[in-house]
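Sharing a structure with you now.
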Amino acid sequence: MAKAKKQTARGRKQDRARVAGGQKYEVGYEAKKMGRSASAVKKAVKKVGSSRKKVEGRLRSK
C-alpha cells in the first residue's frame, strides 16, 4: 500500500484561504459562520472566486 504524502504547512494554509464551492461541508461551514444560506455562499464563490476573504466580503455586503 502506498504511503500518503504528508501535507506541508504551506499547503494547509493555502487550503484554508479558499472556499471549495463544490464541497458540501465547506459551503455549510461558511454559511453557518456568516449566517447565510448555502446557496448564497455558492453564488458568492461563482461571482468573486474561491478566495475566502473575497467570499466573506461579498456575503457581508449583501
Side-chain angles (χ1 to χ4, degrees):
M1 194 180 289
K3 196 171 187 180
K5 188 174 181 181
K6 185 178 178 185
Q7 193 173 21
T8 64
R10 178 178 173 182
R12 286 190 295 269
K13 187 172 183 180
Q14 288 175 343
D15 188 48
R16 288 187 186 118
R18 305 266 179 229
V19 178
Q23 297 292 326
K24 188 176 180 180
Y25 63 92
E26 282 205 33
V27 171
Y29 167 79
E30 198 64 38
K32 185 176 179 181
K33 177 180 167 184
M34 299 302 294
R36 303 296 300 268
S37 68
S39 63
V41 174
K42 285 183 179 184
K43 286 178 185 176
V45 170
K46 280 190 174 184
K47 187 75 174 176
V48 299
S50 63
S51 168
R52 190 171 299 275
K53 285 183 180 182
K54 288 182 180 179
V55 170
E56 288 176 359
R58 176 82 179 180
L59 293 172
R60 277 190 212 104
S61 69
K62 292 275 176 171

Least distance between heavy atoms, A31 atom then A38 atom: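 Closest approach of A31 to A38, heavy atoms only: CB-N, 3.9 Å.
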Shortest non-hydrogen contact between E56 and K33, atoms and distance: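 Closest pair (atom of E56, atom of K33, distance): OE2-NZ, 2.7 Å.
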CD on E26 to CZ on R16, rounded to 0.5 Å: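 Rounded to the nearest 0.5 Å, the CZ-CD separation comes to 11.0 Å.
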Considering all heavy atoms, the nearest R58-A44 contact: CG-CB, 3.8 Å
Flag, side chain of R36 to backbone of L59, donor-acceptor distance under 3.5 Å: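 Confirmed, R36 side chain pairs with L59 backbone.
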R52/E30 ion pair, N-O < 4.0 Å: yes
Side chain proximity check, V27 to K42, heavy atoms < 4.5 angstrom: yes
Heavy-atom closest pair, residues V55 and G49: CG2-O, 3.3 Å
